[in-house]
Amino acid sequence: MQLSEQEVVRRQNLQAIVDLGINPYPAAEFEVTAYANDINTNYQHDEEESKRNFQNIKVAGRVMTRRIMGKAMFLVIQDATGEVQIYIQRDAICPDENKDLYNTLCKKLLDRGDFIGIDGSVFMTKTGETTVKASVFTFLSKSLRPLPNPKTDEAGVVHDAFTDPELRYRQRYVDLVVNPEVRETFRKRTKMYSSMRQYLDAKGYLEVETPILQPLYGGAAARPFKTHHNTLDMTLYMRIANELYLKRLIVGGFEGVYEFSKDFRNEGMSRFHNPEFTQIELYVAYKDYEWMMNLVEEMLEKVAIDVAGTTKIQVGENIIDFKRPWKRYTMFEAIEHFTGIDVSEMDEDQLRATAKKLHVPVDPTMGKGKLIDELFGENCEAQLIQPTFITDYPVEMSPLAKKHRTKEGLVERFEAICNGKEILNSFSELNDPIDQRARFEEQLELGKRGDDEAMVLDEDFLRALEYGMPPTAGLGIGMDRIAMIMTNSSSIQDVLFFPQMKPEKTNAKVLELNEDEQLVFNLLTKENRMELATLKEQAGLSNKKWDKAIKGLTKAEIAKVEKNDDGLFVFINE
RNA sequence: GAUCUGGUAGCUCAGCUGGUAGAGCAUCUGACUUUUAAUCAGAGGGUCCCGGGUUCGAACCCCGGCCAGAUCACCA
């Protein structure tokens, strides 16, 4: 492994710490009693107060900056709550004759990125910085690689920020260390989850877990990941949704169940799609989609307030307001609103003509429902910025939704669109087992015609419905999409700790001669020492190949080039 | 999958018409007991993503590949 200069220095420092008799990776607990954020916000600089506030505390964290000033130094350490400045005086931590701890460990061997613990008391410097003055210095862990080093100037401009997206995603740990706003994004994401949990638990719904490895995948239209179980010798699929399992639980008698579920879809990736992503699905008995719309508004309004402190979220150029009530359109109304055309009474030919007129690309396999969906997708979706419900979808697109109570050809389904993207999907669940079987069979037909996302028929799920499922409202929310909005992130990768990436090139440089180097080496071993021009001629390589080969050999210290009065000679390095 | 853009020091980036590879920060040596983008004096550090080709000569031009981002396609 090729180490950079800085990595070599750090390994030397590590050994020097060991030589001092200090364990660079000690095992003992360091009992932290104070945290950066608490110190910075709550320390009272008052002669009287300071006698009580944050005296004789213990803090720990990662060294982020060092400013050495002879017999004293300032450090900034970072803990989970933020950064706090540390002031180390030589004679305060080395009261005896031996000043090694300061002169050697702190000044020479301590690097940015190391973990340390400080016993000390808080005071305020004359420049007004709340600071922990160290009385005891404890080394806690050595960092062997240099961290990126962003700096902020007086004007608040950040220099040398760690911004390369590839490095940030591949080494998220580094991203998290040096980019505080990234930590904040993921805190918000977690807050979203706890806010929803709180809301749903308060209603008495049961948080459950259902299988991720499934013998049949269902509940959505998507291509699955396929795997194999050795002992059972059977194909298993990673779930694409958990809908069918949660409905089985409604059949079983629970009246409200939800699950935060990692789902897996073997499809294209984009800034809105990662192969694994998270949905929350919720099913509540005796309810319908109208009721569910009200729940969604109420829950997401609360989530926004819990995460951002307000219902208004800045997302790119827009301010998105989750305050209730949200705008509602039927799909037909939305199309009419954005195109001025009423398609609600149109037959397939008329829809096709309309699509053509609006320059919406269509193909002959599209039926009535798909045409309506395309018209909506092309003309409306991107324009819906504020959270908006779109209701009453064509039945063809929704094989698990109940037929509309009054409108022929439609189902009781809604989606919410926000910032031009679908964020959630819900319907009055189809609980008529005979209708459900017929819908599955339509999907089978689509599958036979080559639709590789058509749903498969799940006999066990149908059996469950035949036992009887109460009328039920169901909901699925794309957690990643919501997280993108709540954190003003333009890519799904920014709200996933470890987004899917192709493997990085292995930089493992094997010390192995390539073909040309081997050729030159073989010629050289016969003579042990040759004139460079002769060797080059015998090798018969092009100038460039020769140059590469001889440079490769000398760099690996296999061969050496010597110049004397007789000319240039190459010999094998003993 | 298509198109565009990019890949140079630990990080962020320059690098002209093809002519000895640069800056700031970081690192190293020295000075400095309230600094904060600390400061001052000096020094070192490179597989220019990989492989071919053109050329006297390639970070730069050409061909092929790898990785990433953006846009599009796909994806309710």
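Every value quoted in this text rests on a predicted model; they were computed, and no experiment measured them. The chains referred to below are lettered A, B, ... by the order of the sequence lines, with proteins before strands, and numbering in each begins at 1.
- Within the structure, salt bridge (Lys or Arg N to Asp or Glu O under 4.0 Å) pairs that include any residue of residues 88-99 of chain A comprise A:Asp91-A:Lys99 (at least two apart or interchain).
- Tested against A:His404, the residues A:Leu410, A:Val395, A:Thr391 include a single side-chain contact (heavy atoms from CB on, under 4.5 Å) partner, A:Leu410.
- One can place CG of A:Leu410 at 15 Å from C1' of B:rA76, the figure rounded to the nearest angstrom.
- Set against B:rA70, B:rU33, B:rA68, the side chain of A:Arg170 has B:rA68 as its closest nucleotide.
- Atom CG of A:Asn13 and atom C1' of B:rA26 are 14 Å apart (whole Å).
- As rounded to the nearest Å, B:rA9 and B:rG45 have P atoms that lie 15 Å from one another.
- Rounded to an integer number of Å, the gap from CE of A:Met269 to P of B:rA70 is 11 Å.
- A:Ala161 comes within contact range of the sugar-phosphate backbone alone, with a heavy-atom separation under 4.0 Å but no base atom that close.
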How does protein reach along nucleotides 35-44 of chain B, written 5' to 3' as B (base within reach of a heavy atom under 4.0 Å), S (only sugar-phosphate), or - (no contact)?
BBBB-----B
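- Annotation: B:rG22 and B:rG30 have their P atoms spaced 27 Å apart (nearest Å).
- Residue A:Val9 is the one, among A:Val9 and A:Arg223, whose nearest nucleotide of RNA chain B lies closer to the 5' end (criterion: closest heavy atom).
- A heavy-atom distance below 4.0 Å to RNA chain B is reached by these residues of residues 273-282 of chain A, ordered by number: A:His273.
- In terms of the salt bridge (charged side-chain N to carboxylate O under 4.0 Å, His left out) criterion, residue partners of A:Glu243 (sequence neighbours excluded) are, by chain and number, A:Lys247.
- Here the separation of B:rA76 from B:rG69, taken at their C1' atoms, is 27 Å to the nearest Å.
- Which of B:rC32, B:rA70, B:rC67 sits closest to the side chain of A:Gln493 comes down to B:rA70.
- The pair A:Glu7-A:Arg145 meets the salt-bridge criterion, with a side-chain N (NZ, NE, NH1 or NH2) lying under 4.0 Å from an Asp/Glu carboxylate O.
- Nucleic acid contact for A:Gln89: base, since at least one base atom lies under 4.0 Å from a heavy atom of the residue.
- Listed by first then second residue, pairs satisfying salt bridge (Lys or Arg N to Asp or Glu O under 4.0 Å) with a partner in residues 100-111 of chain A read A:Asp111-A:Lys142, not counting sequence neighbours.
- Below 30°, between 30° and 60°, or above 60°: for A:His337 and A:Tyr329 the angle between ring planes is between 30° and 60°, a tilted geometry.
- Taking the P atom of each, B:rU47 and B:rG42 are spaced 28 Å apart, rounded to whole Å.
- What separates CG of A:Leu446 from P of B:rC75 is a distance of 13 Å, to the nearest Å.
- With sequence neighbours left out, the side-chain hydrogen bond (donor to acceptor under 3.5 Å, both in side chains) criterion links A:Glu453 to no other residue.
- Taking atom C1' in both B:rU36 and B:rC28, one finds a spacing of 23 Å when rounded to whole Å.
- For A:Arg145 and B:rA9, the CZ to P distance is 15 Å, given to the nearest whole Å.
- The listed nucleotides are B:rU27, B:rA73, B:rG69; the one nearest the side chain of A:Ser270 is B:rA73.
- The residue A:Met455 sits close to a base: some heavy atom pair falls under 4.0 Å.
- Ranking B:rC67, B:rC11, B:rG69 by closeness to the A:Pro148 side chain, first place goes to B:rC11.
- Looking at the side chain of A:Met501, the nearest of the listed nucleotides B:rC28, B:rU71, B:rG69 is B:rG69.
- Going from the P atom of B:rG64 to that of B:rG46 covers 33 Å, rounded to whole Å.
- Within the 4.5 Å cutoff, no side-chain heavy atoms of A:Pro224 are placed close to those of A:Arg265.
- Across all strands shown, A:Phe272 has no heavy atoms under 4.0 Å from either base or sugar-phosphate atoms.
- The side-chain contact (heavy atoms from CB on, under 4.5 Å) check on A:Asp153 picks up A:Ala155, A:Val157, A:His159, with sequence neighbours excluded.
- B:rG57 sits 32 Å from B:rG10 when the C1' atoms are compared, rounded to a whole Å.
- Between B:rC67, B:rU12, B:rC28, one nucleotide has an atom nearer to the side chain of A:Thr163 than all others, and that is B:rU12.
- Nearer to the 5' terminus of RNA chain B, by closest-nucleotide assignment, is the contact made by A:Asn149 (compared with the other of A:Asn149 and A:Tyr169).
- Among the heavy atoms of the strands lying under 4.0 Å from A:Arg413 is at least one base atom, whether or not backbone atoms are also near.
- Rounded to whole angstrom, the span from the CG atom of A:Leu375 across to the C1' atom of B:rA76 amounts to 15 Å.
- Following rounding to the nearest Å, A:Gln443 (CD) and B:rA76 (P) show an atom-to-atom distance of 10 Å.
- Using bins of under 30°, 30° to 60° and over 60° for the plane-to-plane angle, the ring pair A:Phe389/A:Trp326 lands in the parallel bin.
- Comparing B:rA76, B:rC74, B:rA70 against the side chain of A:Ser491 picks out B:rA70 as the nearest.
- Searching all strands for a Watson-Crick or G-U wobble partner of B:rU3 with both distances below 3.5 Å returns B:rA70.
- The partner of B:rG19, taking Watson-Crick or G-U wobble pairs whose two distances both stay under 3.5 Å, is B:rC56.
- Not a single ring pair (Phe, Tyr, Trp, His ring centres under 6.0 Å) links A:Tyr169 to another residue, sequence neighbours left out.
- The side-chain hydrogen bond (donor to acceptor under 3.5 Å, both in side chains) search around A:Thr125 returns A:Thr127, not counting sequence neighbours.
- Residue contacts shown for A:Asp164 are limited to sugar-phosphate atoms, with no base heavy atom under 4.0 Å away.
- Taking both residues in full, the closest heavy atoms of A:Asn274 and A:Gln500 are given as OD1-N, 3.2 Å, listed atom of the first, atom of the second, then distance.
- Using a 4.0 Å heavy-atom criterion, one finds that A:Arg271 contacts the sugar-phosphate atoms exclusively.
- Rounded to an integer number of Å, the gap from CG of A:Asn425 to P of B:rC75 is 16 Å.
- Between A:Lys107 and B:rG30 there is no side-chain polar atom (N or O) within less than 4.0 angstrom of OP1 or OP2.
- Distance noted for atom P between B:rG24 and B:rU39: 13 Å (whole Å).
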